[in-house]
Amino acid sequence: MSDRSEIEWSPRVSLAKIRELYVNEARGTVEDELIEEVGFGLLARCQSIMEYTAACEEGKVRCMRCAKQGQTTIIQRNMSKPSALIRCPVCGWQVRWRVYKNESENYDGQLLAGHAREAFTRYLAVYPQSRTREEKILAIDRLIHEFHWFIMKEDQPARGNKPAAVNLLRGNIVQVYGLLNELTYGENTPPELLEGKSWWLEAQKRKPDQG
Ligand SMILES: [Zn+2]
């Protein structure tokens, strides 16, 4: 096994799973197993996003081989050299930064947190603490409806650039928008979820490409 092939990230969650979760939730028949599957899938994906972001922005690369053994080894790379060698002092795993970056960018969707960093960080803190199914679904709902925010001018409200869900769900931007807009809610849906939906519809109107 080559050092390069050990570069692995958690995949995006399928659109079908999200749809299934909401359909069943609206009917009041959602099973804990499905909530956990989606919830932990998103959690693992958020971990990958934040790990890759730290490698890019702070130069802190987590050793992929040690990680498989359940160990965390952070290797500080030389940020001024694009082809610097990253070498783990514990297990000997080594790869050039350029290779690490290329492999990661061609892996599965966008891994960089960008302007949605807060949403990913918040989910990482909130989901593991959520006990009831309602809390878990709310955390999931809030995460997938977030945006990559950016500020055009200091005195104007932040604008939603693109859904954070493009980093999280297996689809292109059109498919992700399509899914988020069609998600069903029923009489069993908690009010917070419905509020989230109207917030989402409102926020979309503030997208820059729609004026
Ligand atoms: Zn290692």
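All residue numbers refer to positions in the sequence shown, counting from 1. Order of listing sets the numbers, starting from 1, for every ligand and every atom in it. Only this structure's heavy atoms are used, side chains among them; waters, hydrogens and symmetry mates stay out.
- You'll find the ring centres of Tyr107 and Tyr52 outside the 6.0 Å limit.
- Panel detail: the Zn ion (ligand 1) has protein N, O or S atoms under 2.8 Å away, 4 in number.
- Listed by chain and residue number, nothing satisfies the ring pair (Phe, Tyr, Trp, His ring centres under 6.0 Å) test with Phe120 (two or more places apart in sequence, or in another chain).
- A donor and an acceptor atom, one from each side chain of Trp97 and Ser83, are nowhere located under 3.5 Å apart.
- Glu57 contributes atom CD, which lies 4.5 Å from atom CZ of Arg117 (distance to the nearest 0.5 angstrom).
- With no hydrogens or angles considered, a side-chain donor-acceptor pair links Asn181 and Trp200 at under 3.5 Å.
- Rounding to the nearest 0.5 angstrom, the gap separating the NZ atom in Lys162 from the NE2 atom in His115 is 9.0 Å.
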